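Take a look at the structure set out below.
Everything quoted here is computed from the prediction, not taken from an experiment.
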Amino acid sequence: MNRAPWILIVVFAITVWLVPFVIVWMQAEPAKRQVKRAPPQDGEPVAKGPLILYADTWPTRETINLKEIQAATTETDHALGPKAVANDIALALDELGVVGEPMRLDDLPEDADLLTGRPIVLVYPVRHGRPPTPIVQFLDRRIEPLVGEQDPRLKQLRFTDVAIAEKPAHAESAQQALGATMRYYGLTYQPGVVLLEPMNSIVIYEHLRTLAKQVPK
């Protein structure tokens, strides 16, 4: 019986020590995962929103840390990984009642109709102040032929982007280069948001919420 007070003291001390960690952990979980919309009723068509195409590759930094990227060719599992960012954009759109479709750029079907009026969001890590090769190839191989065909639906094609970079100047340079290419093809392009490596998951998601509100529906 004499041990009971000591047990209570130990339990209280452990509780006091754990509570701050539990609070921090709960606050670090973005509210995005709590957002759920009611499923459509039977027979109700699901309108597809923006097409979110991501280039699944890791950013080239001014100084490469080989140990950091050893045994990994992508940063998909990181908060700033292109796949994670694309999925978060879809979640942010879902909060607004819009169904976005994230897709790895390499998985886009050859017969995909890009001229259905759906906005296209390009998600990419910046390489040497420029968009990476998969983005350039997408424009040259998938968009340029449509321009050559002078399809009138090109006027409805709208692009925005998410540039993932180490420094703001790198992202700005990449978006300027992308904008120049879009102007060359006569396409509508609006620079999107910039995500930088020091950002945490909460700040990243707030930027993507802002983007979701700006993407044409």
Exercise for the section: Can you measure from CG (Leu154) to OH (Tyr185) and round to the nearest 0.5 angstrom? Expected result: 11.5 Å
Exercise for the section: Apply salt bridge (Lys or Arg N to Asp or Glu O under 4.0 Å) to Glu144 and list each qualifying residue two or more places apart in sequence or on a separate chain. Expected result: none
Handout entry: Side chains of Val85 and Ile89 in contact at under 4.5 Å (non-hydrogen atoms)
Key = yes
Handout entry: Test item: Thr160 and Ile120 side chains (from C-beta on) under 4.5 Å apart, heavy atoms
Key = no
Fill in the blank from the handout: Applying side-chain hydrogen bond (donor to acceptor under 3.5 Å, both in side chains) to Arg183 and not counting sequence neighbours gives none
Exercise for the section: Determine whether Leu105 and Asp56 make a side-chain contact, defined as any pair of heavy atoms from C-beta on separated by less than 4.5 Å. Expected result: no
Exercise for the section: Answer yes or no: is there a donor N or O on one side and an acceptor on the other, between the side chain of Arg158 and the main chain of Leu187, under 3.5 Å? Expected result: no
Practice task
Would you name the heavy atoms of Gln156 and Gly117 that are closest together and state the gap between them?
Solution key: OE1-CA, 4.2 Å
Completion exercise
Residues at least two apart in sequence or cross-chain that pass side-chain hydrogen bond (donor to acceptor under 3.5 Å, both in side chains) with Glu206, listed by chain then number, are Arg209
Problem - Pair Leu96-Lys213, side chain to side chain contact (heavy atoms under 4.5 Å, CB included): steps then yes or no - result: CA-CA 8 Å; Leu96 302 175; Lys213 295 176 182 178; 4.0 Å; yes
Handout entry: Test log, rule side chain to side chain contact (heavy atoms under 4.5 Å, CB included), inputs Met199 and Leu80
Key = CA-CA 9 Å; Met199 294 178 178; Leu80 277 177; 5.5 Å; no
Handout entry: Val136 side chain near Thr181 side chain, heavy-atom distance below 4.5 Å
Key = no
Exercise for the section: Mind checking side-chain contact (heavy atoms from CB on, under 4.5 Å) for Gln137 and listing every partner two or more places apart, or none if nothing turns up? Expected result: Thr133, Arg141
Exercise for the section: Apply side chain to side chain contact (heavy atoms under 4.5 Å, CB included) to Tyr54 and Ile135, showing your working. Expected result: CA-CA 9 Å; Tyr54 63 91; Ile135 296 293; over 6 Å; no
Exercise for the section: Could you tell me whether the side chain of Val98 reaches within less than 4.5 Å of the side chain of Pro50, counting heavy atoms only? Expected result: yes
Handout entry: Check: Tyr205 and Leu91 side chains under 4.5 Å, non-hydrogen atoms
Key = yes
Completion exercise
Contacts of Arg118 meeting side-chain contact (heavy atoms from CB on, under 4.5 Å) (sequence neighbours excluded), chain-then-number -> Lys48, Leu51, Glu101, Thr116
Problem - Minimum heavy-atom distance Pro82-Val123, with the two atoms named - result: O-CG1, 3.9 Å
Handout entry: side-chain contact (heavy atoms from CB on, under 4.5 Å) involving Val194 - partner list, sequence neighbours excluded
Key = Ala171, Gln175, Leu196
Practice task
May I ask you to test the Val162-Ile52 pair for a side-chain heavy-atom distance under 4.5 Å?
Solution key: no
Fill in the blank from the handout: For Pro132 and Pro125, the nearest pair of non-hydrogen atoms, with its separation, is CD-O, 3.1 Å
Problem - Leu211 side chain near His207 side chain, heavy-atom distance below 4.5 Å - result: no
Problem - Nearest heavy-atom neighbours spanning Tyr124 and Ala55 - result: CB-CB, 4.3 Å
Practice task
Can you measure from CG (Asp88) to CG (Asp94) and round to the nearest 0.5 angstrom?
Solution key: 12.0 Å
Practice task
Could you list the residues that satisfy salt bridge (Lys or Arg N to Asp or Glu O under 4.0 Å) with Asp106, not counting sequence neighbours?
Solution key: Arg104
Completion exercise
Between Leu93 and Gly100, the two heavy atoms sitting closest are CD1-CA, 4.0 Å
Practice task
Go through the structure and list residues passing salt bridge (Lys or Arg N to Asp or Glu O under 4.0 Å) with Asp107, not counting sequence neighbours.
Solution key: none
Exercise for the section: List for me each residue that meets side-chain contact (heavy atoms from CB on, under 4.5 Å) alongside Ala177, sequence neighbours excluded, and say none if there are none. Expected result: Arg130, Pro131
Fill in the blank from the handout: Here the side-chain hydrogen bond (donor to acceptor under 3.5 Å, both in side chains) pairs for residues 186-196, sequence neighbours left out, are Asp161-Tyr189
Practice task
With rounding to the nearest 0.5 Å, note down the distance linking CG in Leu208 to OG in Ser201.
Solution key: 11.0 Å
Fill in the blank from the handout: Here the gap from Phe159 atom CZ to Leu114 atom CG, rounded to the nearest 0.5 Å, amounts to 7.0 Å
Exercise for the section: Only counting residues at least two apart or in another chain, list the ones meeting salt bridge (Lys or Arg N to Asp or Glu O under 4.0 Å) with Arg142. Expected result: none
